[in-house]
Amino acid sequence: MNMNMNNYYFKRHVFSALLIILCTAVSAQQDTLTVGSNFGELGLLNRVIEGDTTETGERVHDVYRLLRGETYLLSAAIENRFPLTIIAEDGDGPRPRLVPGIADGGASRRPFRARDNLTLKGLYVTGLDQAGGLNTDQRIIRISATGAVIRIDDCHLDQDGQSCFRTDSDNISIFVNNSIISNIGRPNNTNNGRLIDDRGSNLDTVIVENSTIYNISSTLCNDRGGWIRYAKINQNTIAHTGQRIFDFVETQTAIFTNNLVINPGYLGFEIDSIPDNQAFLIEFDSLGGTALEDLGTEVQQTFAFSNNNIYYDSAIIKAWPQDTALFAFADWPVGQRILTTPAGLALAGEEQLATNIVEIVSFENSPPIDDLALIIDQFWKDPNSEDFKESVKPWDFSNEPYNFRYQDSFESAFASTTGGQLGNPFWELILSGKSGLEQSLADAEALLAAATAGGNIGQYPQAAIDALAAAIAAA
């Protein structure tokens, strides 16, 4: 390396150090520190958070604000042993991107290892590293602290080979609101790919609400023997889970309401598994001895399971092989039995079950159905184990970002517990019929008012304004 290059790198590192010092000096008396990416410098955010302490080791800031439209390359997992909050700056620009960088040795690490409370807001966090490969650790956020509280709001957590959240300890709480969770796992390995993998941990609270979840190769929650005190899955749009929807299993208070679920367990169930009660989209069990011992023998177990639309596209049903029994929800006696376990059916009751509907919905732009049908066909034809189906193609991401808006002419538009739409309300209904005309009229009136208030300013010919006024009056 020549002297000029050495000088360049020296100046760059000096600049980074000064930037950290300057940011800390300016914001030392505030709770929030704004951190730039310095053009994607590897590990800058790691160093800022790790080094943001007083001489006695106390934390200087509680909150770190990242800049919209910038990419933060992580040199290792952000491993917090203190309450940590990372947010996006205010505004409407692209979310700050947290991406695993490739450090010396060519390896990349997961984005987060939470050893205390962690709050993320307004961020894009991915398990794909800067070279486009999956990080070697996998699991976007690994939670390794008893009683830790994880809060995800208005974030997009994307791309990982194993899970979005992996818990190592008990009494953890996970809150996901107003967010997107996507592309977790891979279609050629359906024994991985979960929103939450609890590995037998006892969880305090799980709430996933007003969110959009798609392309999950296994299930939203994989339970390995622990219990959950309170779990609420409400008002979400959920598309394409490979094996199941959610494992409540031993949950004291379980709520699954107002969700729009498209092609869950899209791989289907083999005929032989159904008589043995092994094929259920939602796993639910009565509280056992250990759970009652921990939670209290006097606790009452409840299961609110109502006002959901759960369906399969016809192309998915056609993709199933002849020796695979994949139920049609139109056949409710069979459909209910496979939808959840006998314990779940008994606790939910017929009155609640009757509020769930089966309706195929058309969206503005959703994950491609033909692509998923091809994946299903390849999966069943491949003789290899579920851990690695060699011939199964990856998901097609070419049409992202997706748009799950649908028209108000569907029953799902008014089928929630409050009479509103099913699924994530972020995807505003497409107004049609009378309501669509009323909205168009309101838009036209607003345009006319704006044009008139602006004195026409040469933007709209007076004849056009007069014609619009006449059309509004006629309507």
Side-chain angles (χ1 to χ4, degrees), residues 77-85 109-120 125 137-153 155 157 160 162-177 179 181 184-185 191-209 211 216 218-234 244-256 282-304 341 343-344 347:
I78 295 176
E79 191 164 347
N80 61 302
R81 299 177 184 273
F82 45 85
L84 174 63
T85 298
R109 302 301 180 188
R110 70 172 61 91
F112 289 94
R113 182 72 175 265
R115 297 189 182 275
D116 205 316
N117 297 343
L118 176 67
T119 298
L120 306 178
V125 185
D137 292 336
Q138 302 194 61
R139 304 164 183 90
I140 292 176
I141 302 175
R142 187 159 188 163
I143 311 165
S144 305
T146 299
V149 177
I150 311 299
R151 298 184 184 277
I152 309 297
D153 184 24
C155 288
L157 306 185
D160 192 85
Q162 203 278 330
S163 61
C164 189
F165 305 98
R166 161 74 150 82
T167 64
D168 295 331
S169 304
D170 288 340
N171 297 319
I172 288 169
S173 294
I174 299 172
F175 300 86
V176 178
N177 291 284
S179 294
I181 310 291
I184 305 298
N191 286 336
N192 281 295
R194 297 111 183 203
L195 172 62
I196 299 171
D197 192 345
D198 72 16
R199 297 286 168 159
S201 301
N202 298 318
L203 305 182
D204 184 86
T205 303
V206 174
I207 296 179
V208 182
E209 200 162 23
S211 293
I216 308 294
S218 182
T219 182
L220 299 189
C221 180
N222 177 56
D223 179 83
R224 293 289 185 91
W227 47 258
I228 305 174
R229 187 186 63 81
Y230 182 94
K232 182 179 183 181
I233 313 300
N234 177 61
R244 299 180 301 284
I245 299 176
F246 197 95
D247 294 358
F248 286 105
V249 192
E250 293 184 78
T251 296
Q252 178 183 336
T253 302
I255 301 169
F256 193 87
I282 295 177
E283 295 279 355
F284 190 93
D285 292 337
S286 300
L287 296 175
T290 301
L292 290 172
E293 191 175 302
D294 294 341
L295 295 169
T297 55
E298 74 286 354
V299 301
Q300 182 178 2
Q301 189 177 25
T302 61
F303 185 23
T341 60
L347 204 54

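The model shown is predicted, which means the values in this text are computed figures rather than measured ones.
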* Heavy-atom closest contact (Q162 atom, D197 atom, distance) -> NE2-OD2, 2.7 Å
* **Nearest heavy atoms of N192 and S218, plus distance in Å** => O-CB, 3.5 Å
* **Under the side-chain contact (heavy atoms from CB on, under 4.5 Å) test, residues paired with L84 that sit two or more places apart** => I49, Y64, I78, N80, F82, I86, L118
* So, the side chain of S163 versus the backbone of G193: is there a donor-acceptor pair under 3.5 Å, distance only? -> no
* Structure fact -> Here the gap from I181 atom CD1 to L157 atom CG, rounded to the nearest 0.5 Å, amounts to 4.0 Å
* **Rounded distance [0.5 Å steps], CG in L295 versus OG1 in T290** => 10.5 Å
* What's the spacing between F112 CZ and L120 CG if we round to 0.5 Å? -> 4.5 Å
* Asked: Sub-3.5 Å donor-acceptor pair from the side chain of T341 to the main-chain atoms of F284, do we have one?
  -> yes
* Answer yes or no: is there a donor N or O on one side and an acceptor on the other, between the side chain of T251 and the main chain of F248, under 3.5 Å? => yes
* Asked: Is there a donor-acceptor pair under 3.5 Å between the side chain of D160 and the backbone N or O of Q138?
  -> no
* Is there a donor-acceptor contact under 3.5 Å from the side chain of E250 to the main chain of G288? -> yes
* Check whether any side-chain heavy atom of I255 sits under 4.5 Å from a side-chain heavy atom of Y230, and report yes or no. => yes
* Structure fact -> Nearest heavy-atom contact between S211 and N177 is OG-C, 3.7 Å
* Distance (rounded to the nearest 0.5 Å) between I172 CD1 and D198 CG -> 9.5 Å
* **Taking every non-hydrogen atom, the tightest pair across S179 and D153** => OG-C, 3.7 Å
* Separation of R110 CZ from I141 CD1 (nearest 0.5 Å) -> 11.0 Å
* To do: Ignoring hydrogens and angles, state whether a donor on the side chain of T205 or R229 is under 3.5 Å from an acceptor on the partner side chain.
  => yes
* Would you check if the side chain of N202 reaches a backbone N or O of W227 as a donor-acceptor pair within less than 3.5 Å? => yes
* Verdict with supporting geometry, F256 and F246, ring-ring contact (aromatic ring centres under 6.0 Å, His included) -> CA-CA 9 Å; F256 193 87; F246 197 95; 7.3 Å; no
* **Rounded distance (nearest 0.5 Å) linking atom SG of C221 with atom CD1 of I196** => 5.0 Å
* Asked: Under 3.5 Å, side chain of E283 to main-chain N/O of N222, donor-acceptor pair present?
  -> no
* Hey, is the main chain of D137 close enough, under 3.5 Å, to the side chain of R139 for a donor-acceptor pair? -> yes
* To do: Mind jotting down which residue pairs meet the salt bridge (Lys or Arg N to Asp or Glu O under 4.0 Å) criterion with at least one end in residues 163-177? Sequence neighbours excluded, please.
  => R113-D168, R142-D168, R166-D168
* How about S201 and L203: do any of their side-chain heavy atoms sit closer than 4.5 Å? -> yes
* Asked: Does D204 reach the main-chain N or O of S173 with its side chain, forming a donor-acceptor pair under 3.5 Å?
  -> no
* Asked: Side-chain contact, heavy-atom cut-off 4.5 Å: I174 with T167?
  -> yes
* To do: For the residue pair V299 and L292, establish whether any side-chain heavy-atom pair is separated by less than 4.5 Å.
  => yes
* Any side-chain heavy-atom pair of R81 and D116 under 4.5 Å -> no
